[in-house]
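Residue numbering restarts at 1 for every chain, and letters A, B, ... go by the order of the sequence lines.
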Amino acid sequence: MVNRSQYRSRPGAQKSSNDRTRARSQRIKQPVGSSIVVNGILVLAGIYFLLPIVWVLIAATKTPGQLFNSFGLWFSDSPQAWQNLVNVFTQDNGIFSVWILNSVLYAAVGAFVAMVISAACGYALAKYVFRGRETLFSIILGGVLVPATVIALPLYFLLNSVGLTGTYWAVLLPSMVSPFGVYLARIHANAAVPDEVIEAARIDGAGDLRIFGSIATRMMMPALVTIFLFQFVTIWNNYLLPLVMLNRTETFPITLGLTLWNSQTQRDPMFYQLVVTGSAVSAILLVVLMVSLQRFWKADLTAGATKG
Amino acid sequence: MTLTATRPKRRFRPALWVLTLPFVIMFALFFIAPIIYAIVDSLFSTKASGLGFGAPEKVFVFLDNYTAALSTPSFVESLGRLLLFSLIEVPLMVVTALGLALLLESARARWPRFFRVLYFVPYGVPGVIAALLWGFLYIPATSPVLQGLAAVGIDIDPLSSSGVLFAIANIALWGFAGYNMLILIAALNAIPTELYEAARIDGASEWSITWNIKLPLVRPSVILVTVFTIIGTLQLFVEPLVLRPLTTAISSDFTPNLAAYNQSFAEGNPSLAAAMAVIVAVIGFVFSFGFLRLVNRKGNRAW
């Protein structure tokens with residue numbers, strides 16, 4: 001219950017201004033030295049986390065030759081970012097755009113369905129008393145502990161026997177299952193959907209599904225966003241599943257496509273530049289998404305972590 | 001637990017089925033079924049009949065695939081390597097994530113929000129691409145870091161056989177430290193500030209507040225992060241696969257997952273691969289549950 005109120009009052013503005021006042025009053029008392037140490041470490045960590053991204057953004061402006069004989073953290077004399085982008089998007093008849101679209105399709109559709117069915121199941125586990133409820137929940141929770149790589153290989157042979165391998169479905173369908181999503185949804189439904197509200201809606205004549213669809217889902221919105229984002233990133237970053245399932249390049253997501261190009265660098269060093277520029281484009285895409293959705297992430301994880 | 005709804009029980013609730021069945025069916029088909037399939041398949045072996053003509057048949061061999069896997073030196077080595085990797089990666093990850101979370105939440109941090117986003121960004125970079133990028137930063141021809149170190153007389157080779165596990169651990173750390181840090185920051189934020197005020201009035205130093213209040217109260221989340229990291233290390237597949245062309249220190253069955261993948265698709269022995277996958281899963285469960293039991297021993301359940 002304490003958690004719920006904290007969760008509700010999350011919108012950060014007020015809180016962080018409190019933080020700032022607190023921080024300022026403390027900074028006066030504290031020795032300047034420790035402040036320099038703390039912020040120095042934070043800056044160093046920032047450089048560490050940015051290093052590969054800065055490197056790839058700079059490298060994406062170079063010719064394949066300059067990639068290997070100019071200093072990695074500075075631009076070459078004749079940057080050619082545009083030319084590299086054109087190369088990436090025209091190579092193999094523009095297959096790179098297809099890979100991006102495939103990644104978006106797998107991640108968005110998979111994450112959306114995962115969100116809907118996990119939310120429904122988590123809500124039911126939270127708000128209905130039925131026999132076997134705790135057993136079911138334990139089994140689902142156990143699923144969180146199973147490494148995804150253990151599933152991928154046998155799943156290939158299963159889906160192969162029904163002729164689904166090589167199709168979009170082979171990647172999409174397994175991506176729709178998120179045990180962690182059910183776990184998050186149950187915790188959120190417990191905390192954010194009061195029994196009284198359900199009771200009142202029922203007295204007003206709303207059916208169970210209507211209560212879930214138009215009342216509970218709204219109260220669980222932060223959890224839904226979290227489940228969606230978490231699953232979106234998981235699918236977008238997934239490599240093994242598409243690797244074992246797909247065989248035609250037109251169905252590849254971006255991760256698989258870039259490693260395909262990477263495997264051709266031996267044959268033709270030009271592919272180095274395609275891999276670098278392609279990596280830069282795909283990194284930018286997700287970084288933009290993550291930064292713009294960052295405040296939603298914060299809300300979600302709070303609940304997931306502190307109520308565990 | 002406040003789970004019990006105070007409604008009169010009803011005998012048949014179609015809504016309950018409508019809500020739970022989609023997930024339960026998908027979970028059964030794409031999660032439980034592969035696990036069962038792997039376990040069953042690991043007990044069989046495909047034998048080519050007679051002269052190699054005719055359809056190969058499945059023969060029940062019970063635990064033969066397991067003994068075969070565990071008597072393959074390269075597979076046992078890969079298990080040992082995975083264990084060693086976990087010993088490097090798990091403490092590195094937990095200490096880094098916790099350290100960054102405590103520093104960012106300390107009163108002395110200047111731009112906590114900015115740094116929080118910055119550290120989280122790598123989580124959005126797919127593991128494959130992270131490995132590709134770090135691959136360039138691990139070879140002297142393209143790495144400004146190695147060039148810089150060489151200029152001051154330090155020659156290190158991250159892709160040498162002694163350094164390659166650390167090189168891989170670094171990629172995983174880079175990708176997931178920020179995500180784990182966010183989980184820990186959320187836990188730190190949930191601590192009521194009155195506790196700090198009370199402690200300060202009692203004359204507690206920042207260090208003792210960290211040790212005696214913050215750390216004990218974020219313990220459940222630290223455990224969560226540790227278990228996630230243990231599971232994550234068992235998945236080790238992509239990084240060695242991508243770095244492999246760059247170094248001779250990575251064999252084709254460097255990790256159990258790579259070995260299983262090879263058995264399935266290169267060697268054409270999916271039953272042996274299934275046994276290998278089951279072994280990894282069992283080790284994962286033993287580790288995760290063992291760790292949970294260890295930390296929950298004193299009666300304070302965390303998860």
Look at Y272(A), Y156(A), F232(A) and state which one has the largest set of heavy-atom pairs under 4.5 Å with chain B. Y156(A)
If the contact rule is any heavy atom under 4.5 Å from chain A, which residues of residues 274-287 of chain B qualify, in numerical order? A277(B), A281(B), F285(B)
Bottom line for S282(A): the part with an atom under 4.5 Å from chain B's heavy atoms is side chain
Which residues pass the side-chain contact (heavy atoms from CB on, under 4.5 Å) test with L102(B), sequence neighbours left out? L98(B), L188(B), T210(B), K214(B), L215(B)
Tell me if the CZ atom of F115(B) is crowded by more than 12 foreign heavy atoms within 6.0 Å. yes
Under a 4.5 Å heavy-atom cut-off, does chain B meet the side chain of L153(A), its backbone, both or neither? side chain
W134(B) versus chain A, the contacting section by heavy-atom distance below 4.5 Å: side chain
Heavy-atom cut-off 4.5 Å, strictly under: side chain, backbone, both or neither for V225(B) against chain A? neither
Considering only heavy atoms, which portion of L136(A) lies under 4.5 Å from any heavy atom of chain B: side chain, backbone, both, or neither? side chain
Show every donor-acceptor pair shorter than 3.5 Å between a side-chain atom in residues 45-56 of chain A and any protein atom, with sequence neighbours excluded, or say none if there are none.
unit_1: Y48(A); atom_1: OH; unit_2: N170(B); atom_2: O; d: 3.3
unit_1: Y48(A); atom_1: OH; unit_2: N170(B); atom_2: OD1; d: 2.6
unit_1: W55(A); atom_1: NE1; unit_2: T142(B); atom_2: O; d: 3.4

Tell me, side chain or backbone of V275(A) under 4.5 Å from chain B's heavy atoms, or both, or neither? side chain
Would you mind checking which part of F237(B) comes under 4.5 Å of any heavy atom in chain A, side chain (CB onward), backbone (N, CA, C, O), both or neither? side chain
Which pair of non-hydrogen atoms, one from L243(B) and one from A131(B), has the smallest distance, and what is that distance? CD2-O, 3.8 Å
What part of V182(A) lies closer than 4.5 angstrom to a heavy atom of chain B: side chain, backbone, both or neither? side chain
Set of residues satisfying side-chain contact (heavy atoms from CB on, under 4.5 Å) with respect to F30(B), sequence neighbours excluded: L155(A), L159(A), L173(A), P174(A), V177(A), M26(B)
